[in-house]
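Computed over heavy atoms, backbone and side chain alike; hydrogens, waters and symmetry mates excluded. We name chains A, B, ... by the order of the sequence lines, and we start the count at 1 in each one.
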Amino acid sequence: MKIVTYNVNGIKARIDRLVEYLTEADADIVCLQELKASDETFPLPAIEAAGYGAVWHGQKAWNGVAVLARGKTPVERLRGLPGEPEDEQSRYLECEVDGLVVASLYLPNGNPRPGPKFDYKLRWMERLRARADALLAEEVPAVLAGDYNVIANDDDTFSVRAMQDDALMQPESRAAYRRLLASGWTDSLRTRHPTGGVWTFWDYQAGAWARDAGFRIDHLLLSPPAADRLVDAGVDKEFRGREKASDHAPTWVSLR
DNA sequence: ATGGCTTAGTTCCTAAGA
């Protein structure tokens with residue numbers, strides 16, 4: 001089965017591209033981020049017409065995550081990360097599909113740094129770690145899929161120098177990501193491409209796509225029972241080059 | 001990135017993204 005994470009950067013602006021992807025990509029489960037749409041304006045009819053059911057957690061203008069499944073509606077498990085009740089940003093949605101736990105997450109960007117946005121990012125990562133620990137304790141096959149906004153290694157970016165002051169690759173951001181891996185989660189794309197140089201994001205600005213100046217921030221982390229079933233992982237890079245593309249490319253893992 | 005796109009919304013500017 002093919003599981004995808006795709007930051008669409010506005011689902012209303014991207015709906016034609018998303019339907020095209022659903023039609024062509026042969027995906028079983030698709031986790032979406034940055035819907036930039038309220039619950040009421042989520043384009044369910046177009047997604048259903050493409051053969052997918054959906055659960056979504058929207059928000060006006062910003063954020064927003066969804067889980068899509070081919071031929072069925074995912075069963076919701078958790079909406080929002082526990083630990084900060086006053087947090088109203090829609091960034092986490094956990095579902096079950098055919099015995100597999102799948103979470104779509106949109107980790108805070110954290111810029112500018114230092115500042116409250118970076119502090120929020122680190123707190124959010126700590127909350128994610130607590131939830132990830134709870135999933136490990138369940139000993140279920142689980143996939144934490146999303147836009148992590150973390151460049152985990154120097155070879156995960158076209159230029160360390162260009163990004164070194166960015167919140168995406170600060171030592172604190174990397175350490176929090178590394179703690180997830182150390183607790184037992186497998187970075188599926190990294191496992192299949194251990195020497196880096198694989199990008200999932202290319203900025204709209206400064207000709208980044210044309211000169212292949214990207215970085216890897218969209219990750220699919222696997223619990224041990226899911227990692228046992230890992231077959232392959234990759235990026236559907238071609239979709240980044242299409243008209244009206246998101247600045248992220250769909251990133252996937254296939255499991256037995 | 002000396003910020004040169006793109007999206008959304010209290011829309012003809014501002015905020016946010018990464």
Side-chain angles (χ1 to χ4, degrees), chain A residues 5-21 32-43 46 56-66 87-92 104-122 124-125 128 145-174 176-177 189 196 198-219 235 237 239-251:
Chain A
T5 182
Y6 186 13
N7 179 321
V8 291
N9 186 19
I11 194 168
K12 286 174 283 183
R14 208 71 58 213
I15 189 60
D16 291 349
R17 202 74 324 136
L18 174 60
V19 166
E20 197 174 82
Y21 183 74
L32 303 176
Q33 302 88 33
E34 265 204 284
L35 303 179
K36 294 184 173 178
S38 63
D39 282 339
E40 296 73 27
T41 57
F42 183 83
W56 62 97
H57 187 200
Q59 181 182 335
K60 190 163 73 173
W62 295 307
N63 309 317
V65 287
D87 183 3
E88 298 192 338
Q89 300 189 28
S90 299
R91 295 180 176 274
Y92 186 88
S104 179
L105 65 95
Y106 178 43
L107 211 147
N109 172 295
N111 284 303
R113 174 207 64 88
K117 291 190 174 183
F118 189 65
D119 297 340
Y120 173 61
K121 176 179 193 151
L122 296 182
W124 205 93
M125 293 190 82
L128 176 62
D147 176 358
Y148 280 71
N149 273 315
V150 174
I151 297 169
N153 308 280
D154 285 355
D155 59 13
D156 286 323
T157 172
F158 75 103
S159 167
V160 169
R161 199 172 133 192
M163 301 304 296
Q164 63 188 355
D165 294 326
D166 197 285
L168 276 57
M169 57 177 280
Q170 290 315 297
E172 299 95 325
S173 312
R174 287 181 161 185
Y177 185 75
L189 192 60
V198 178
W199 318 142
T200 69
F201 169 91
W202 295 258
D203 202 296
Y204 287 127
Q205 299 185 69
W209 170 249
R211 58 194 176 94
D212 197 28
F215 35 89
R216 186 178 76 99
I217 51 176
D218 299 277
H219 307 312
V235 180
K237 181 176 175 180
F239 283 83
R240 176 62 181 85
R242 298 198 182 187
E243 286 297 310
K244 289 274 290 177
S246 170
D247 41 7
H248 295 250
T251 304

Exercise for the section: Would you indicate whether the side-chain heavy atoms of A/Tyr106 and A/Asp147 approach each other to under 4.5 Å? Expected result: yes
Practice task
Quote, to the nearest angstrom, the C1' distance that separates B/dT2 from B/dC12.
Solution key: 28 Å
Handout entry: Donor on one side chain, acceptor on other, A/Asp218 and A/Thr251, under 3.5 Å
Key = no
Problem - B/dT7 OP1/OP2 closer than 4.0 Å to side-chain N/O of A/Arg14 - result: yes
Problem - Cation-pi check, A/Arg242 onto A/Phe239 ring (under 6.0 Å, within 45° of axis) - result: yes
Problem - Partner residues of A/Asp155 under the side chain to side chain contact (heavy atoms under 4.5 Å, CB included) criterion, sequence neighbours left out - result: A/Asn153, A/Arg190
Problem - Heavy-atom donor-acceptor pair, A/His219 side chain to A/Val150 backbone, under 3.5 Å - result: yes
Completion exercise
Protein-proximity profile, nucleotides 9-18 of chain B, B/S/- by nucleotide at the 4.0 Å heavy-atom cutoff, equals SS-----SSB
Name every donor-acceptor pair, under 3.5 Å, that has one atom in a side chain of residues 205-215 of chain A and the other anywhere in the protein, sequence neighbours excluded.
residue	atom	partner	partner atom	Å
A/Arg211	NE	A/Ala206	O	3.1
A/Asp212	OD1	A/Trp202	NE1	2.9

Problem - B/dA18 and B/dT7, which share atom name C1', separated by this distance in whole Å - result: 14 Å
Handout entry: Euclidean distance for C1', B/dT10 against B/dA15 (whole angstrom)
Key = 13 Å
Exercise for the section: Looking at every strand, decide which applies to A/Lys121 at a 4.0 Å heavy-atom threshold: base, sugar-phosphate, or nothing. Expected result: nothing
